[in-house]
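Accompanying notes for the structure given below.
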Amino acid sequence: MKMNTARQLTAGITALFITIIAGSLGYMIIEGWNFLDSLYMTVITISTTGYGEIHELSMTGRIFTIILIIAGVLAIAFTGGKAAQLFLETQIFRRRRMSRKIETIGNHYIVCGYGRMGRSICEGLVENGVPFVVIDNSDDIIAELEEKGYLYVRGDATNDDIMLLAGVERAKGLVAVIRTDAENVFAALSAKELNPGIYVVARAIDEGTESKLIKAGADRVVKPYELGGSRMVQLLLRPGVMDFIDGVARNKNVDINLEEVYVQPDSGLCGKSLAQSPIRSELNIIIVALLKKSGEFIYNPKSTALIEAGDKLIAIGNNKDLNKLTELCLKRGHG
């Protein structure tokens with residue numbers, strides 16, 4: 001359909017060009033005018049500008065002008081219509097292609113709002129190779145998202161239909177950083193209603209919004225001013241530690257990563273202690289902490305600590321070994 005419209009638009013432009021050339025030649029032959037006068041008369045005639053005749057027309061010239069007006073108006077109308085049709089088809093085709101791409105992903109993250117914080121979040125997700133979908137309704141932002149090649153849904157993040165288009169039912173997590181706290185509350189509430197298992201992080205600007213976001217279902221609430229102040233203090237007091245953490249978190253100049261790995265019920269690690277598992281001996285991975293299914297948080301767990309289904313291992317190591325650990329946490333009969 002789109003290719004046919006493009007060919008028809010090309011044909012319309014060609015017809016318009018031929019009309020202009022034929023009109024110019026016609027005036028040169030019939031009236032004996034020079035090329036510039038003939039071209040000018042042709043353009044103002046087919047565009048129905050109505051500036052008037054530059055020279056007096058003969059009877060034959062007037063008949064020719066009538067034919068030229070009809071031919072020119074038809075050519076312009078056809079070309080303009082096909083141009084508008086092609087534009088609409090391009091937009092529809094782009095939306096359908098975007099929808100198909102979003103339908104194929106799962107376990108992804110949804111970023112509600114693409115302001116300054118949203119941009120930073122998306123850059124971090126890209127650096128970590130994590131799939132995500134952005135929800136925003138600004139024309140300028142949509143153009144920027146298309147330029148960057150990000151998956152997006154145009155619309156209001158507080159709307160359930162828009163959330164569904166972004167694949168909220170299949171999503172692993174959602175971050176709400178929309179312009180106002182009220183919109184973030186509604187986005188968190190909508191996401192949790194559609195997918196109770198989704199992990200929601202939301203931004204709170206006003207002091208009293210944190211409790212509302214938690215009631216709406218947000219698992220974590222970030223207050224940028226407090227977080228920024230705390231980070232600046234750490235940079236002042238422990239710059240080396242912060243550089244290391246930033247390097248690990250953003251994979252910059254550091255060949256290790258810090259990862260959170262979920263132990264599946266079918267994993268061969270279930271029921272084994274850390275010492276019995278190949279995590280340290282074969283993979284050279286350090287388990288920094290163990291988050292038990294019960295909610296208990298064990299920092300620097302002992303080698304005798306048991307690994308159970310539903311636990312989360314907070315591990316540090318290189319990416320290759322961390323990928324192997326993820327496989328061990330998924331498969332039975334390993335480790």
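Just so you know, residue 1 is the first one in the sequence shown, and it goes up from there. Side-chain atoms are counted along with the backbone in the values below, which use heavy atoms only and exclude waters and symmetry mates.
- For CZ of Phe297, the number of neighbouring non-hydrogen atoms (other residues, nucleotides, ligands) closer than 6.0 Å is greater than 12.
- The two residues Thr304 and Ser273 make their nearest non-hydrogen contact at O-CB, 3.8 Å.
- The shortest distance between side-chain heavy atoms of Val200 and Ile198 falls below 4.5 Å.
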#### Entry: Worked verdict on Cys270 versus Ile307 for side chain to side chain contact (heavy atoms under 4.5 Å, CB included)
CA-CA 5 Å; Cys270 293; Ile307 302 172; 5.9 Å; no

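- Atoms CG and OG, on Leu165 and Ser99 in that order, are 6.0 Å from each other to the nearest 0.5 Å.
- Two different hydrophobic clusters hold Ile67 and Ile21 under the rule that ILVMFWY side chains link at heavy-atom gaps under 4.5 Å.
- Contact annotation: the side chain of Arg119 approaches that of Tyr114 to within less than 4.5 Å [non-hydrogen atoms, C-beta and beyond].
- Between Tyr27 and Phe64, the angle of the ring planes goes over 60°, which puts this pair in the perpendicular group of the 30/60° scheme.
- The shortest side-chain heavy-atom distance between Leu125 and Val111 falls under the 4.5 Å cut-off.
- Under a 3.5 Å cut-off, the side chain of Ser120 and the backbone N or O of Arg116 do not form any donor-acceptor pair.
- Shown here for Ala166 and His108, the closest heavy-atom pair between the two residues is O-NE2, 2.9 Å.
- Side-chain contact of Asn257 with Asn319: a donor-acceptor pair under 3.5 Å is present, judged by distance alone.
- Among pairs with a residue in residues 294-303, none fulfils side-chain hydrogen bond (donor to acceptor under 3.5 Å, both in side chains), at least two apart in sequence or across chains.
- Inter-residue side-chain proximity for Met28 and Asp37 is flagged as unmet; no heavy-atom pair is nearer than 4.5 Å.
- The hydrophobic cluster containing Leu151 also contains Ile162, counting ILVMFWY residues as joined when their side-chain heavy atoms lie under 4.5 angstrom apart, directly or transitively.
- Between the CD1 atom of Ile121 and the CZ atom of Arg203 there is a distance of 8.0 Å, given to the nearest 0.5 Å.
- Remark: the backbone N or O of Asn34 is paired with a side-chain donor or acceptor of Ser38 at under 3.5 angstrom.
- Between the side chain of Asn128 and the main chain of Val130, no donor-acceptor pair closer than 3.5 Å is present.
- In this structure, the side chains of Leu330 and Asp266 stay at 4.5 Å or more apart for every pair of heavy atoms.
- A donor-acceptor contact shorter than 3.5 Å is absent between the side chain of Ser190 and the backbone of Phe186.
- Contact check for Val133 versus Ile105: side-chain heavy atoms found under the 4.5 Å cut-off.
- In this structure, Leu328 CG and Lys272 NZ are separated by 10.5 Å, a value rounded to the nearest 0.5 Å.
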### Task
Evaluate side chain to side chain contact (heavy atoms under 4.5 Å, CB included) for Leu274 paired with Arg280, printing each intermediate quantity in order.
CA-CA 8 Å; Leu274 289 175; Arg280 180 62 175 166; over 6 Å; no

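- A donor-acceptor distance shorter than 3.5 angstrom exists from the side chain of Thr104 to the backbone of Lys101, with no hydrogens or angles considered.
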#### Entry: Residues Asp156, Thr158; criterion side chain to side chain donor-acceptor pair (under 3.5 Å); working and verdict
CA-CA 5 Å; Asp156 186 351; Thr158 64; 2.9 Å; yes

### Query
Would Ile69 and Ile46 satisfy side chain to side chain contact (heavy atoms under 4.5 Å, CB included), going step by step from the backbone distance to the final call?
CA-CA 5 Å; Ile69 291 173; Ile46 64 176; over 6 Å; no

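- Applying the salt bridge (charged side-chain N to carboxylate O under 4.0 Å, His left out) rule to pairs touching residues 179-202 yields Asp136-Arg179, Lys192-Asp219, sequence neighbours excluded.
- Looking at every heavy atom in both residues, Ile102 comes nearest to Arg170 through O-NH2, 2.7 Å.
- Using a 3.5 Å distance cut-off with no hydrogens or angles, the side chains of Tyr150 and Glu144 do not pair a donor with an acceptor.
- A pairwise comparison of heavy atoms in Met117 and Val177 identifies SD-CG1, 3.6 Å as the closest pair.
- One distance of note links CZ of Arg62 with OG of Ser58; it measures 8.5 Å at 0.5 Å rounding.
- The shortest heavy-atom contact between Ala218 and Ala202 is CB-CB, 4.3 Å.
- A donor-acceptor contact shorter than 3.5 Å links the side chain of Thr42 to the backbone of Ser24.
- For Tyr152, the OH atom counts as densely surrounded, since its 6.0 Å shell holds more than 12 non-hydrogen atoms of other residues, nucleotides or ligands.
- Put simply, the side chain of Ile316 does not reach to within 4.5 Å of the side chain of Ile285, judged on heavy atoms.
- A continuous path of ILVMFWY side-chain contacts below 4.5 Å connects Tyr109 to Val126, so both sit in one hydrophobic cluster.
- Linking Ile, Leu, Val, Met, Phe, Trp and Tyr whenever their side-chain heavy atoms come within less than 4.5 Å leaves Leu39 and Ile29 in two separate clusters.
- Atom-to-atom distance recorded for Leu313:CG and Ile286:CD1 is 13.5 Å, nearest 0.5 angstrom.
- A heavy-atom distance below 4.5 Å is found between the side chains of Lys223 and Glu210.
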#### Entry: Candidate pair Lys292 and Glu308, rule salt bridge (charged side-chain N to carboxylate O under 4.0 Å, His left out), full reasoning
CA-CA 8 Å; Lys292 303 297 290 182; Glu308 299 175 308; 3.0 Å; yes

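- Separation of atoms CG (Leu269) and CD1 (Ile279) is listed at 5.5 Å; rounding is to 0.5 Å.
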### Message
Apply side chain to side chain contact (heavy atoms under 4.5 Å, CB included) to residues Asp311 and Leu291 and explain how you reach the verdict.
### Response
CA-CA 6 Å; Asp311 289 349; Leu291 182 59; over 6 Å; no

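- Looking at every heavy atom in both residues, Ala75 comes nearest to Thr19 through CB-OG1, 4.4 Å.
- Checked by atom type and distance alone, the side chain of Asp206 never pairs as donor or acceptor with a backbone atom of Thr209 at under 3.5 Å.
- Val185 and Leu194 fall into different hydrophobic clusters, where Ile, Leu, Val, Met, Phe, Trp and Tyr are joined by side-chain heavy atoms under 4.5 Å apart, directly or via other members.
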